[in-house]
Peer 1: 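The following block contains the structure, expressed as structure tokens.
Computed from a predicted model, the values in this text were never measured in an experiment. Within every chain, numbering begins at 1; the chains are lettered A, B, ... in the order of the sequence lines, protein sequences first and strands thereafter.
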There are 2 protein chains.
Amino acid sequence: MSATIKDVALRAGVSTTTVSHVLNKTRFVAKATQERVFQAAEALNYAPSAVARSLKVKNTKSLGMLVTTTLNPFFAELVNEVEKCCYREGYNLVLCNTDGELEKTNSYLRMLTQKRVDGILVMCSAYDDSLFSSLIGQRNLPMVVMDWGPSDDYVDRIQDNSVKGAHLAIQHLVEQGHKRIAYIGGPLTKLPAKQRLEGFLEAMAQANLAIQDDWVIESDFEFEGGKLGMRQLLSCSSLPSAVFIGNDAMAMGAMSEAQLSGIKIPQQLSVVGYDNCMYSAYFSPPLTTINQPKERLAELAISTMIERIENPRQEGKMIMLEPNLVVRASVSAIPF
Amino acid sequence: MSATIKDVALRAGVSTTTVSHVLNKTRFVAKATQERVFQAAEALNYAPSAVARSLKVKNTKSLGMLVTTTLNPFFAELVNEVEKCCYREGYNLVLCNTDGELEKTNSYLRMLTQKRVDGILVMCSAYDDSLFSSLIGQRNLPMVVMDWGPSDDYVDRIQDNSVKGAHLAIQHLVEQGHKRIAYIGGPLTKLPAKQRLEGFLEAMAQANLAIQDDWVIESDFEFEGGKLGMRQLLSCSSLPSAVFIGNDAMAMGAMSEAQLSGIKIPQQLSVVGYDNCMYSAYFSPPLTTINQPKERLAELAISTMIERIENPRQEGKMIMLEPNLVVRASVSAIPF
DNA sequence: AACATCTTTGATGGTCGCAGACAAACTTAT
DNA sequence: ATAAGTTTGTCTGCGACCATCAAAGATGTT
């Protein structure tokens with residue numbers, strides 16, 4: 001099969017120790033000897049076995065990432081950023097889509113544990129108890145969970161401030177003169193969905209605006225869910241002048257549905273999304289939305305992870321990220 | 001740290017061999033003994049070390065995937081399908097975005113080799129010679145490359161039939177009465193871009209339609225590239241009645257730009273995309289596009305991969321996938 | 001010149017956790 | 001008592017790292 005360190009040593013006429021040392025630059029070796037080693041390695045197309053190495057040094061330089069689904073553009077962008085950070089830090093990323101299935105999640109958790117990844121990034125944004133208990137079984141393994149909060153002192157948590165994000169959205173609409181505002185959100189089993197609804201409710205109350213019951217709709221954070229949500233909204237006896245939508249994917253579905261029904265955005269209906277996915281700048285019209293700092297999120301996740309890997313005994317940190325409003329063209333001002 | 005097989009053996013009062021055998025069901029062990037082993041494993045929270053195992057059995061049950069960027073929705077969807085297949089087959093997927101950088105690609109190639117992944121899926125769709133030579137250095141490693149064709153007999157290749165896809169698109173436009181057709185394509189350093197252009201040219205010729213030079217635009221397969229491409233197209237002295245766009249991401253950018261300029265789609269301008277990404281159904285209007293069978297692509301890639309892993313000596317296969325047209329609402333018929 | 005001491009460089013063998021070839025112990029049958 | 005079957009154990013090696021040891025060369029001392 002592939003050459004081992006022994007083969008290289010043999011060919012270079014030195015000991016394996018020497019080979020190891022020149023390859024890892026772990027102590028001084030005579031120039032000439034180094035040269036011989038390099039040549040031998042080259043000739044044999046030698047690639048040191050990370051698995052043997054890992055067995056000895058007890059780390060694998062790989063991280064697992066548990067994510068609901070990368071089909072959602074927000075997650076896709078986040079994974080992209082995480083991958084970039086991992087690469088920069090010399091880690092490999094093993095991608096695990098849970099598809100929201102407990103069994104798949106558990107199975108992956110088991111695999112990752114056995115493969116001895118150095119840590120696990122969790123981005124499932126569900127606060128389901130059963131998942132939770134799966135996770136704590138792995139307590140020994142460094143973990144940072146984003147967008148979700150098992151109240152455990154030994155995992156690090158990173159959260160976007162979703163209730164603030166919702167406030168920002170509503171404030172913007174109010175400033176533009178909107179009073180009749182609807183909401184299409186994600187499934188309440190997910191923390192961000194819950195928080196965004198909460199923020200919506202709060203902000204509406206703060207602005208002294210009435211909330212019409214059939215104008216707050218729970219959907220699923222997917223394209224199709226947005227479409228369905230909008231259809232439901234359009235079937236109401238009276239229509240709002242604006243709608244805040246829990247994420248950009250649903251916003252896209254919703255806008256498509258509205259426009260198919262002949263509704264002009266933003267003239268007849270304003271919409272604000274959430275996430276600021278890349279493509280939301282290319283909607284027709286470009287979407288006004290709440291930005292989640294994905295790059296920052298990924299960076300924090302990885303740096304926190306690495307800190308924890310290097311110092312496993314420290315207490316769990318909790319990091320809060322601040323969203324901000326990105327104004328584009330999907331909200332119109334209402335004249336008084 | 002974590003318990004080893006030895007600890008389990010000790011606690012269960014048996015040899016490590018027995019533990020190994022009951023855990024792997026690799027030979028008969030008396031019921032009672034099994035029970036003791038399971039209990040011991042449970043009590044110690046034992047998770048067998050896949051790294052030690054891999055060292056011994058010489059496989060890692062993980063695959064590497066080299067992909068330009070998962071920011072592109074098409075790749076994101078493909079990766080998603082690939083991940084599903086991997087999971088089903090008991091493999092882990094390590095995600096490697098090359099971002100089109102040779103250095104990153106090489107670095108990842110090295111890492112994957114050292115980590116002893118069982119195979120590498122390549123989806124860079126560049127036919128750059130330098131990348132090519134990086135790859136053949138890894139000749140020993142099972143590889144299936146999609147969307148790209150290093151003419152090497154020892155790697156498997158899967159291609160979508162992009163020239164046919166382009167034909168389909170143009171035929172559809174022609175059938176709807178279009179004669180003035182433009183094209184915005186991807187960078188010609190990528191094979192699919194090249195093939196789609198080729199198909200466009202062929203199909204136009206077949207339909208006896210003239211090709212206006214400034215109506216064929218080379219862009220970059222990104223959202224923004226589509227936008228820029230459309231801007232360029234709109235600056236032409238005369239406008240086409242339809243445009244075929246090399247992928248859905250660019251189609252989105254292009255449509256957004258056109259609509260921002262007050263152009264009605266499809267009334268004033270028809271557009272056909274390529275890829276049939278999930279979200280293209282939610283454009284305004286929903287996009288007529290060429291479907292690439294992503295699920296099938298992923299399945300073929302993985303099954304081919306596994307075949308090759310099990311039988312490394314076989315000759316390289318070449319598999320061609322057929323695209324098909326998905327009609328939605330972005331093309332209008334032109335009355336004669 | 002001969003010996004001691006220090007420095008530079010190379011070799012040896014144990015270890016990580018597991019699998020599996022080989023074989024031993026213990027039953028039961030003949 | 002021997003053969004055949006059942007159940008379990010011993011031992012080596014996978015490929016790298018590393019602490020320890022050893023040899024050779026350099027320098028100093030008498």
Peer 1: State, to 0.1 Å, how close Val29(B) and Thr33(B) come at their nearest heavy-atom pair, and which atoms those are.
Peer 2: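 Shortest heavy-atom separation between Val29(B) and Thr33(B) comes out as CG1-CB, 3.6 Å.
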Peer 1: Under 4.0 angstrom, heavy atoms only, what part of the nucleic acid is Val29(B) near: base, sugar-phosphate, or nothing?
Peer 2: sugar-phosphate
Peer 1: Using modelled atom types and a 3.5 Å cut-off, is there a donor and acceptor pairing between side-chain atoms of Asp7(A) and backbone atoms of Thr4(A)?
Peer 2: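 Side chain of Asp7(A) to backbone of Thr4(A), a donor-acceptor pair under 3.5 Å: yes, one is there.
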Peer 1: Round to the nearest Å and state the distance from Arg27(B) atom CZ to dT10(D) atom P.
Peer 2: 12 Å
Peer 1: Would you mind reading off the distance between Lys56(A) atom NZ and dA19(D) atom P, rounded to a whole angstrom?
Peer 2: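 Roughly 8 Å, once rounded to whole Å.
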Peer 1: When the distance from CG of Asn24(A) to C1' of dA16(D) is rounded to whole Å, what number comes out?
Peer 2: 9 Å
Peer 1: About how many Å separate CD1 of Ile5(A) and CG of Leu10(A), when rounded to the nearest 0.5 Å?
Peer 2: 12.5 Å
Peer 1: Can you see if the side chain of Ser49(A) gets near the phosphate of dG15(D) - specifically, an N or O under 4.0 Å from OP1 or OP2?
Peer 2: no
Peer 1: To check you understand the geometry: which heavy-atom pair defines the closest contact between Asp156(A) and Glu315(A), and what is its length?
Peer 2: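 Distance-wise, the nearest heavy atoms are OD1-O, 4.0 Å.
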Peer 1: Ignoring hydrogens and angles, tell me if any N or O in the side chain of Asp118(B) forms a donor-acceptor pair with the backbone of Thr60(B) under 3.5 Å.
Peer 2: yes
Peer 1: Provide the start and end nucleotides, 5' to 3', of the part of DNA chain C that has atoms under 4.0 Å from heavy atoms of chain A.
Peer 2: dT9(C) to dG17(C)
Peer 1: So, does Thr18(B) get its side chain near the phosphate of dT8(D), meaning an N or O under 4.0 Å from OP1 or OP2?
Peer 2: no
Peer 1: Given atom NZ of Lys6(B) and atom C1' of dG9(D), what is their separation to the nearest angstrom?
Peer 2: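 Atom NZ in Lys6(B) sits about 14 Å away from atom C1' in dG9(D).
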Peer 1: Looking at every strand, decide which applies to Val14(A) at a 4.0 Å heavy-atom threshold: base, sugar-phosphate, or nothing.
Peer 2: sugar-phosphate
Peer 1: Starting from P on dA16(D), measure out to CG on Leu23(A) and report it in whole angstrom.
Peer 2: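 Nearest whole value for this atom pair: 10 Å.
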Peer 1: May I have the distance from Asp7(A) (atom CG) to dG15(D) (atom P), rounded to whole angstrom?
Peer 2: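 About 8 Å, once rounded to whole Å.
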Peer 1: Between P on dC18(D) and CZ on Arg53(A), what's the gap in Å once rounded to a whole number?
Peer 2: 7 Å
Peer 1: Can you measure Phe28(B) atom CZ to dG5(D) atom P for me and round it to whole angstrom units?
Peer 2: 16 Å
Peer 1: Let me confirm one number: the CE-CG distance from Met123(A) to Asn72(A), rounded to the nearest 0.5 Å.
Peer 2: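 Going from the CE atom of Met123(A) to the CG atom of Asn72(A) covers 9.5 Å.
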Peer 1: As an exercise, state the distance from OG1 of Thr69(B) to CD of Glu222(B), rounded to the nearest 0.5 Å.
Peer 2: 7.0 Å
Peer 1: Does any donor-acceptor pair link the side chain of Thr33(B) with the base of dT7(D) at a separation under 3.5 Å?
Peer 2: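 For Thr33(B), whose side chain was compared with the base of dT7(D), there is no donor-acceptor pair (under 3.5 Å).
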